[in-house]
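I have placed the structure first, in the form of structure tokens, so that the comments after it can refer back to it.
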Amino acid sequence: MRIILAAILALLTTPALAQFPPPGIYGCTNVNGGQVGTLSLLVAGDYQFDDASGKSSTGQVASAGTSIEALTGSLADQHWKGFFVTDAGKTNFLFDTDTGKVACQSPQ
């Protein structure tokens, strides 16, 4: 009985596992459908962002549940923060940024 109680207590005190968005290349557009750039998510929260003019930058993102936030790099400087949804193998992001909302989608 003590082992069962100890196991239950351990499960209750274990932090929830974070859901991290799948690595991949995501095309990003603004609310008007204009091309913003390409977001490449790599393992361990690394990213590369190639903006529409061809300028490339790198940094780190953090994820908790389905929330995501840029911690370093140009996206952090522009305060990219939002959420993602994965459905039927496709992942979509919606970010609030200093320049407005940006949607990033996995290739169709």
(request) Return the minimal non-hydrogen interatomic distance between D51 and S53, and the atom names on each side. (result) OD1-OG, 2.7 Å
(message) Restricting to side chain to side chain contact (heavy atoms under 4.5 Å, CB included), what partner residues turn up for N30, sequence neighbours left out?
(response) N32, V36
(request) Starting at CG of N92, measure out to OG of S106 and round the result to the nearest 0.5 Å. (result) 5.5 Å
(request) Decide yes or no for Q35 and T29: does some side-chain heavy atom of the first lie under 4.5 Å from some side-chain heavy atom of the second? (result) yes
(request) Could you go through the side-chain contact (heavy atoms from CB on, under 4.5 Å) check for V61 and L71 one step at a time? (result) CA-CA 5 Å; V61 295; L71 299 177; 5.9 Å; no
(request) Measure the CD1-SG distance between I25 and C104 for me, rounded to the nearest 0.5 Å. (result) 12.5 Å
(request) Tell me who clusters with V43, hydrophobic residues only, linked when side chains sit under 4.5 Å apart either directly or through other members. (result) none
(message) One thing to verify: whether D96 and K101 come together as a salt bridge, which I'm taking to mean a side-chain N less than 4.0 angstrom from a carboxylate O.
(response) yes
(request) Only counting residues at least two apart or in another chain, list the ones meeting ring-ring contact (aromatic ring centres under 6.0 Å, His included) with F93. (result) Y26, F84, F95
(message) Distance check, rounded to the nearest 0.5 Å: L39 atom CG versus C28 atom SG?
(response) 5.0 Å
(request) Determine whether I68 and P21 make a side-chain contact, defined as any pair of heavy atoms from C-beta on separated by less than 4.5 Å. (result) yes
(message) Can you list everything that forms a side chain to side chain contact (heavy atoms under 4.5 Å, CB included) with T58? Sequence neighbours excluded, please.
(response) Q48
(message) Once side-chain hydrogen bond (donor to acceptor under 3.5 Å, both in side chains) is applied, what residue pairs with a partner in residues 70-81 remain, sequence neighbours excluded?
(response) S57-S74, Q78-W80, H79-D98
(message) By the side-chain hydrogen bond (donor to acceptor under 3.5 Å, both in side chains) test, which pairs, at least two apart or in different chains, include something from residues 36-47?
(response) D46-Q60
